[in-house]
There are 2 protein chains.
Amino acid sequence: MNLKQLSEKLGLSPTTVSRAINGYPEVSETTRMRILAAAKEYNYSPSARAKSLATGRSMTIGHVIPTSGATEMVNPIFGDFIAGAGETYAAAGYDMMLSTVHRENELHAYRDLAARCAVDGVIVHAPRLNDPRVDLLRELELPFVFHGRAPIEDKSYSWLDINNTRAFERATKLLCDLGHRNIALINGDETMDFALRRRRGFVNAMEAAGQDIRPDWLAAGEMTESFGFETASRMLDLPEPPTAFLVSSIIMAIGARRAIAAKGLRMGREVSVVTHDDEISYLKNGDTEPVFTATRSSVREAGRRTAELLLGQIADPMADTVQELWECDLTLGASTGPATELART
Amino acid sequence: MNLKQLSEKLGLSPTTVSRAINGYPEVSETTRMRILAAAKEYNYSPSARAKSLATGRSMTIGHVIPTSGATEMVNPIFGDFIAGAGETYAAAGYDMMLSTVHRENELHAYRDLAARCAVDGVIVHAPRLNDPRVDLLRELELPFVFHGRAPIEDKSYSWLDINNTRAFERATKLLCDLGHRNIALINGDETMDFALRRRRGFVNAMEAAGQDIRPDWLAAGEMTESFGFETASRMLDLPEPPTAFLVSSIIMAIGARRAIAAKGLRMGREVSVVTHDDEISYLKNGDTEPVFTATRSSVREAGRRTAELLLGQIADPMADTVQELWECDLTLGASTGPATELART
DNA sequence: ACAGGCATCCAAAGCGCTTTGAATCCAGCT
DNA sequence: AGCTGGATTCAAAGCGCTTTGGATGCCTGT
């Protein structure tokens, strides 16, 4: 069933039917009702392809998902971010288009989306150091919003980010205040902007507290459970092991917990752990008391809001760029406690 | 830059340029080369919208992702499945379109995709008992492949599934062979087809071994870490606690491990755990020795293959439907051992 | 010299919609 | 009666591509 057939059935012109469906005022209420009823009866919806060709807007938002590392890992926060963004799109009548792509083909993927007029805008994931995507997307004149920031601090593009530096400063200070002096950082891949900021927050707070930062106690890598386990295991085997871990993702923290348990130590007693918690739906940080003391921010909420910012920008391309910096909660859980001497025995 | 402009620049007709780009033979090699060079220079790609309107194919595959439960959880295996499917799509020149949708709106989402001609086919996720989607999609004449099976056993639709029943039979038998008599099942939501089959496998093997199935030792719910923790905790508190857990997802198994540790028990010693492992990229089941004894099948590989089946079906709608049933590995890890009396003390 | 055949190329129609500009109708007013 | 103007409706152009059905030119063989 297409527009022409429907209009013939109704004895009206395609023009009128189209206007009725799209809510234009130049059609009487009675015929509008008649048209909408018929559309429903025959389950008619305008063809998205024809519509977007005619209007010049595809009503589709693109997400280019970089798969990283040898394992081509998909970031675990991704599902929840998408779910949040999807709510916004659904409410606004937009579709969501995904491309998963190896990092080296990423720029080509954006170029391609733009050249094919496949999307009206994109959300940019996982900004990194010297991220070339800001310039590229500007050149392509494709509306975009970053989830996270490229390290460039100018106001010339829109982004939504959490205050990674502050969150990790506060978390580090908490550990210092609990008397910990041997604090390790298990960070995400430090070519990524968020990881750099978290490290900076950690370093700031350690220096403020007059504490040593030992290279042995710094690690960065893939945000997998294995990496958390292996890194924590290795550090706990050091002659002078850390008494506390600051961890960049709850998945790595679960690995760290496994390492701690394997050494016969108790998390929250001999060893403390603070992690960042994205509030991933299947990895809730406990139901009553949080399992981990954590810096917390909902990535799903971020998805919803980032999508809103992008749709706003598409609706009014002349509007100013928008920057939103969200503070994280610092929630106390069972994984932290005062420093003890036990871990060194 | 559009086709017309490019063809004017080249002094050729749009027809010829189009044919050159789409690889038709009626254009000389020299002009084809010239055209392709110009297309590259001006970064021209045919508009996807116009192309799909003209060809009648959208070159897009839809995935309708149901969010489940009060938390609107996104299944954690989803990211890896999508990554696998995405590889297939990219290689074949297809795009991927996602809608996340509440379960009650799911049928409407499919209807809408079909009516708007937005996709050439869909992959159906998370089949359930009495799944209405088989009939609906047939009625809509939209090509589809199920990831998993609807319980209907006919050959009239295509699916790719793992042999859940067999996997859980074997896993259960392993635990029985290790001397366990108190075996608990922590299953996924039993309105889902896969969970029903796993339960059936468990029951089959228990009956074959002449063992009791105690309602106390059966649980089904959301595949979250919390659910695994709470369920295992509750069961371990029973007057007669299980000595082994068969768990439907590695995330729940991580929760169960936490519960076991919290009771001062050791996984693989006092309590055994076997889990299903989808080989999620960020939750690798250990690097050297597997942490968990597990029934294993790569969900990413499944995504890749399911997408292939769908594209095949789109390419030849008259071809027979295809069913693929994959067997799981049963890999031994550190989480299982012989039954002891310790757990009951 | 001419028909036939092949290799190239092109004009125009059409995909299903939106949207411009115009037509039609029917009060309401002078 | 005649004019104006608002309320409806419509015909037709156009979005950027593919594809049908020629057209053109060139080479062959007779």
Side-chain angles (χ1 to χ4, degrees), chain A residues 1-36 38-39 42-60 93-95 112-120 141, chain B residues 1-36 38-39 42-60 93-95 112-120 141:
Chain A
M1 174 67 61
N2 61 24
L3 181 62
K4 196 174 166 193
Q5 292 163 359
L6 182 65
S7 61
E8 276 165 6
K9 269 210 163 55
L10 285 160
L12 288 166
S13 75
T15 309
T16 305
V17 176
S18 170
R19 309 208 104 140
I21 286 172
N22 290 306
Y24 283 81
E26 308 96 327
V27 47
S28 75
E29 267 323 294
T30 56
T31 54
R32 184 193 304 278
M33 287 308 163
R34 196 159 67 91
I35 289 170
L36 291 181
Y42 298 110
N43 196 32
Y44 169 78
S45 285
S47 151
R49 324 192 282 221
K51 188 166 180 161
S52 70
L53 182 56
T55 57
R57 287 168 307 134
S58 65
M59 297 303 282
T60 302
Y94 274 79
D95 289 320
D112 193 53
L113 283 180
R116 295 190 304 133
C117 302
V119 298
D120 293 337
E141 297 183 60
Chain B
M1 173 67 61
N2 62 24
L3 181 61
K4 196 173 166 195
Q5 292 162 358
L6 183 65
S7 62
E8 276 165 6
K9 268 210 162 58
L10 285 160
L12 289 167
S13 76
T15 309
T16 305
V17 176
S18 171
R19 309 208 104 141
I21 285 172
N22 291 307
Y24 284 82
E26 307 96 328
V27 46
S28 75
E29 264 327 290
T30 55
T31 54
R32 183 192 305 277
M33 287 308 163
R34 197 159 66 91
I35 289 170
L36 290 181
Y42 298 110
N43 196 32
Y44 169 77
S45 285
S47 151
R49 326 192 280 220
K51 187 165 182 163
S52 70
L53 182 56
T55 57
R57 287 167 307 134
S58 66
M59 297 303 281
T60 302
Y94 274 80
D95 289 320
D112 192 53
L113 283 179
R116 295 190 304 135
C117 302
V119 298
D120 293 338
E141 297 182 62

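Predicted model only: the values in this text are computed from it and were never measured. Chain identifiers are assigned alphabetically (A, B, ...) following the order of the sequence lines, protein sequences preceding nucleic acid strands; residue numbering begins at 1 within each chain.
Partners of B:Thr31 by side-chain hydrogen bond (donor to acceptor under 3.5 Å, both in side chains), not counting sequence neighbours, listed by chain and number: B:Ser28. Applying the side-chain contact (heavy atoms from CB on, under 4.5 Å) rule to B:Ala48 yields the partners A:Arg116; only residues at least two apart in sequence or on another chain are considered. Partners of A:Ser47 according to the side-chain hydrogen bond (donor to acceptor under 3.5 Å, both in side chains) rule, which considers only residues two or more places apart in sequence or in another chain, do not exist here. Applying the side-chain hydrogen bond (donor to acceptor under 3.5 Å, both in side chains) rule to B:Ser58 yields the partners B:Asp120; only residues at least two apart in sequence or on another chain are considered. A search for side-chain contact (heavy atoms from CB on, under 4.5 Å) contacts involving A:Arg19 returns A:Thr15, A:Tyr24, A:Glu26, not counting sequence neighbours. Under the side-chain contact (heavy atoms from CB on, under 4.5 Å) criterion, B:Gln5 pairs with B:Met1, B:Asn2, sequence neighbours left out. In this structure B:Glu29 satisfies the side-chain contact (heavy atoms from CB on, under 4.5 Å) test together with B:Arg32, B:Met33, sequence neighbours excluded.
Distance from the side chain of A:Leu53 is smallest to D:dC15 among D:dC15, C:dC15, C:dC17.
Summary for the helix from C:dA1-D:dT30 to C:dT30-D:dA1: the axes at its two ends, each from 5 pairs, differ by 60° when rounded to the nearest 10 degrees.
B:Leu12 has its CG atom 17 Å from the C1' atom of D:dC17, to the nearest Å. For the pair B:Asn2 CG and D:dC15 P, the computed distance is 9 Å after rounding to whole Å. Atom NZ of B:Lys4 is separated from atom P of C:dA12 by 13 Å (rounded to the nearest Å).
With a 4.5 Å cut-off on side-chain heavy atoms, B:Thr60 and A:Arg49 do not count as touching.
Formation of a donor-acceptor pair under 3.5 Å by the B:Ser18 side chain with backbone atoms of B:Pro14 is not found in this model.
Using a 4.0 Å cut-off on heavy atoms, the residues of residues 27-36 of chain A that approach DNA chain D are A:Val27, A:Ser28, A:Thr31, listed by number.
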Sequence-aligned protein contact record of nucleotides 18-25 of chain D, with B where the base is within under 4.0 Å of a protein heavy atom and S where only the sugar-phosphate is: BBBB----
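To the nearest 0.5 Å, the span separating NZ on A:Lys51 from CG on A:Asn22 amounts to 4.5 Å.
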